[in-house]
Amino acid sequence: MSELYIYNSYTREKEKFEPITPGHVGLYVCGPTVSGESHLGHARPYVTFDVVNRYLRHLGYKVRYVRNITDAGHFEEEGREATDKVAEKAILEKLEPMELVHKYTSLFHWAMRRFNTLEPSIEPTATGHIIEQIGMIETIIAKGFAYEVNGSVYFDVKKYAAEYPYGKLSGRVLDDLLETTRQLDGQDEKRDKADFALWKKAAPEHIMRWQSPWGVGYPGWHIECSAMSSKYLGERFDIHGGGMDLQFPHHESEIAQSTIAHGCAPVNYWMHNNMITINGKKMGKSYNNVIKLTELFSGDHPILEQAYHPMVIRFNILQSHYRSTLDFSNEGLQASEKALKRLWEAYEVLQQLPVANNDASDAELDAKARNWCLEAADFMNDDFNTAKVLANLFELAPVINSIKGGQIKADAISGATLQLIKDTFKTYLEDIFGLQPLKLVNDDKIGAVMQLVIDMRKQARSRKDFETSDKIRDMLATAGIHIKDEKGGEMSYTID
RNA sequence: GGUACCAUGGCCGAGCGGUUAGGCACCGGUCUGCAAAACCGUUUACAGCAGUUCGAAUCUGCUUGGUACCUCCA
């Protein structure tokens, strides 16, 4: 079996994964800012890193997965005013800041459950770690890489860049940044335009505020991830993930802060997922093309032709590689919906196939099938190539269906190979990709009714009363239940 | 303006020098009372122009088009 290679954004190369502590992995992923509803774009990193988390566990690692909740201090500097997004939105919605944060945190968790993502091991909040953040800022000041002005604290990027490779992660040259950074007013406090805030003084009307050695204020955005990741994963940990748009300035700043505070670079492997686009444009508040997850699930949005099941979105994301942009389209999601249904039905058929103790009568097919299964691990080890794994499962689907349908003899592949196929589907579809059937039809009462209806239709057909049998089929179809006539007179059904 | 990245068949999407990726759609066929499903088969590709190579979607250069980051952003 091959070994896991991960594309490291920091070195821009695929590197063999070697954890700091054998058998253990520390994984940190930048979580949402809960000042508003999550949108389609958020689905990508959390699904992507859910699969990373699941795969690492599958490989036998004990994973500590930390994903933060940004619930404070996330300010932007548009024009002169530094504003706190949470505070701003709280005023807008006439809610207490914590009330607002709680609302959107709950909504985020609900969406994550619908996507069938595993819960992180720890989900720390920024407001719960003000003390840690202040402590870290003090250390950075003490080491001479931050300075206080009027109750705010800034990181001295120029001084840092003189000794460390600032900009390496995001491929940036400090001089270029200095020249091209947009001209903003009110930045007089900073010694340099490239400096970023570690702590910001709170204006009197600012509701999110904490006492600090520099007066009343609130923390900068970047410092929370550094403080919380080091607290729970150590000063140096294995994998840090997030969206590509966070590379600069967020992750670049994290590296700088942590390097000074702890004397070492914080992360061994940086992973960045690419963006989801809509009509070729990145989805984002700035573009006014945001589709919220609630809208996606309900279909209630002008761009949407229908509602999309969370599993369809999850599947769609897994059909592309996480480092490619993924363009959203109704056609794409509808194709994914059909594909997922077909694959899952093949999986259900597969589970019904009896495993015998036979040798393969078709050695060539047997070898092919075996190879499709075994390749899956290689594909995952090659920087989590979920798309290729799915392609292989789709290669196996006709084999499975043909064994059931009789186009391929039951003993064409060996019992051992059939068992391998079963294990492969279970492992990848359910355990690693975290997929689920679109509809659970294990309702006993519906099952009993359907058994009755099917019996009646079988009887009608046996006496060639096609009028009745077609009526049953049509009416069920209208209700969203589809009857399939199997070979040999058996019937099965699916529910939309 | 600076810095990256990307251009694959009707649509989506793998692909990292030589082998049919795959999905969806379309078309033909098998099966079926009919239909659906399933199965089999077929058809459309690598933005353009040069170059390297025995061989290029895959490497190099140029051209064109697009996107992202440089400001909050998944």
Side-chain angles (χ1 to χ4, degrees), chain A residues 12 14 29-33 35 38-49 74-79 83 85 167 170-173 175-182 184 194 221 241-250 272-277 280-287 290 315-316 319-321 323-343 345-346 349 379 382 385-395 397-408 461 464-466 469-470 473-474 477 482-487 492 494:
Chain A
R12 287 151 202 266
K14 281 182 195 169
V29 174
C30 287
T33 301
S35 58
S38 301
H39 55 72
L40 172 59
H42 291 103
R44 187 129 197 225
Y46 304 130
V47 167
T48 297
F49 290 105
H74 192 171
F75 57 84
E76 51 197 25
E77 297 176 35
E78 287 180 14
T83 58
K85 288 169 116 181
S170 52
R172 242 152 273 252
V173 182
D175 291 343
D176 294 341
L177 286 173
L178 298 178
E179 281 171 25
T180 59
T181 298
R182 205 197 297 164
L184 295 174
W221 173 34
M244 256 179 193
D245 50 348
L246 297 181
Q247 244 176 12
F248 190 89
H250 186 52
H272 291 97
N273 64 276
N274 215 317
M275 302 289 100
I276 287 184
T277 57
K281 287 258 190 239
K282 189 180 109 173
M283 170 161 26
K285 285 160 198 158
S286 347
Y287 293 98
V290 174
F315 185 81
N316 186 251
Q319 273 186 302
S320 73
H321 190 265
R323 282 191 287 111
S324 303
T325 54
L326 173 59
D327 197 48
F328 165 89
S329 68
N330 282 288
E331 296 86 342
L333 282 183
Q334 283 160 16
S336 290
E337 182 175 302
K338 286 185 183 165
L340 174 57
K341 276 184 181 166
R342 192 164 94 84
L343 195 59
E345 278 185 43
V349 167
F379 294 155
D382 184 15
N385 199 328
T386 54
K388 287 184 97 170
V389 175
L390 285 174
N392 272 24
L393 295 184
F394 274 108
E395 296 280 11
V399 176
I400 293 163
N401 287 327
S402 295
I403 290 174
K404 188 199 178 198
Q407 294 96 335
I408 293 177
R461 285 192 57 185
K464 299 217 185 294
D465 178 5
F466 296 122
S469 75
D470 288 354
R473 186 174 64 197
D474 294 345
H482 303 281
I483 294 251
K484 278 198 263 182
D485 291 335
E486 309 284 353
K487 282 206 166 66
S492 62
T494 54

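Residue numbering restarts at 1 for every chain, and letters A, B, ... go by the order of the sequence lines. Note: hydrogens, waters and symmetry copies are ignored here, and every other heavy atom, side chains too, is used.
For Pro45(A), the side-chain atoms get nearest to A74(B) when compared with the rest of A14(B), A74(B), C11(B). Comparing G33(B), A74(B), G13(B) by their nearest atom to the side chain of Asp470(A) picks out G33(B). Set against C39(B), G2(B), A14(B), the side chain of Arg172(A) has G2(B) as its closest nucleotide. Checking A37(B), A21(B), C69(B) against the side-chain heavy atoms of Lys484(A) singles out A37(B) as nearest. Of the listed nucleotides (G33(B), G22(B), A14(B)), G33(B) has the atom at the smallest distance from the side chain of Phe466(A). Distances were taken from every side-chain heavy atom of Lys388(A) (C-beta onward) to each of G33(B), G15(B), C39(B); the shortest belongs to G15(B). Among A14(B), C39(B), C16(B), the nucleotide with an atom closest to any side-chain atom of Lys14(A) is C16(B). When distances are taken from the side chain of Arg473(A) to each of G22(B), A74(B), C34(B), the shortest belongs to C34(B). Nearest nucleotide to the side chain of Leu246(A), out of C69(B), A74(B), C39(B): A74(B). In this structure, of G15(B), A21(B), C24(B), it is A21(B) that holds the atom nearest to the side chain of Ala391(A).
Leu333(A) has its CG atom 16 Å from the C1' atom of A25(B), to the nearest Å. In this entry the distance linking NE2 of His250(A) with C1' of U71(B) reads 15 Å, nearest Å.
Side-chain nitrogen and oxygen atoms of Lys338(A) include at least one within less than 4.0 Å of the OP1 or OP2 phosphate oxygen of A25(B). Side-chain nitrogen and oxygen atoms of Lys281(A) include at least one within less than 4.0 Å of the OP1 or OP2 phosphate oxygen of U67(B). Between A14(B) and Ser324(A), a contact under 4.0 Å exists linking OP1 or OP2 to a side-chain N or O. Within the structure, a side-chain polar atom (N or O) of Asn401(A) is placed less than 4.0 Å from OP1 or OP2 of C39(B). Put simply, Arg342(A) has a side-chain N or O that comes within less than 4.0 Å of OP1 or OP2 on G23(B).
Taking a centre distance below 5.5 Å and an interplanar angle below 30 degrees as the stacking criterion, Phe394(A) does not stack against the six-membered base ring of G23(B).
No engagement by Asn316(A) is indicated, since no non-hydrogen atom pair under 4.0 Å with the nucleic acid exists. Within the 4.0 angstrom heavy-atom criterion, base atoms lie near Gly41(A). Among the heavy atoms of the strands, none lies under 4.0 Å from Gln334(A).
Tyr46(A) is linked by a ring-ring contact (aromatic ring centres under 6.0 Å, His included) to Phe108(A), counting only residues two or more places apart in sequence or in another chain.
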Report each atom pair, protein N/O against N/O of nucleotides 26-29 of chain B, whose distance is under 3.5 angstrom.
none

| request: Report the secondary structure of RNA chain B in dot-bracket form, marking unpaired bases with a dot and bases paired to a different strand with |, and treating Watson-Crick or G-U pairs with both distances under 3.5 Å as paired. | output: ((((((((.[[[..)..(...]]]..((((.......)))).....[[[[[..)....]]]]])))))))....
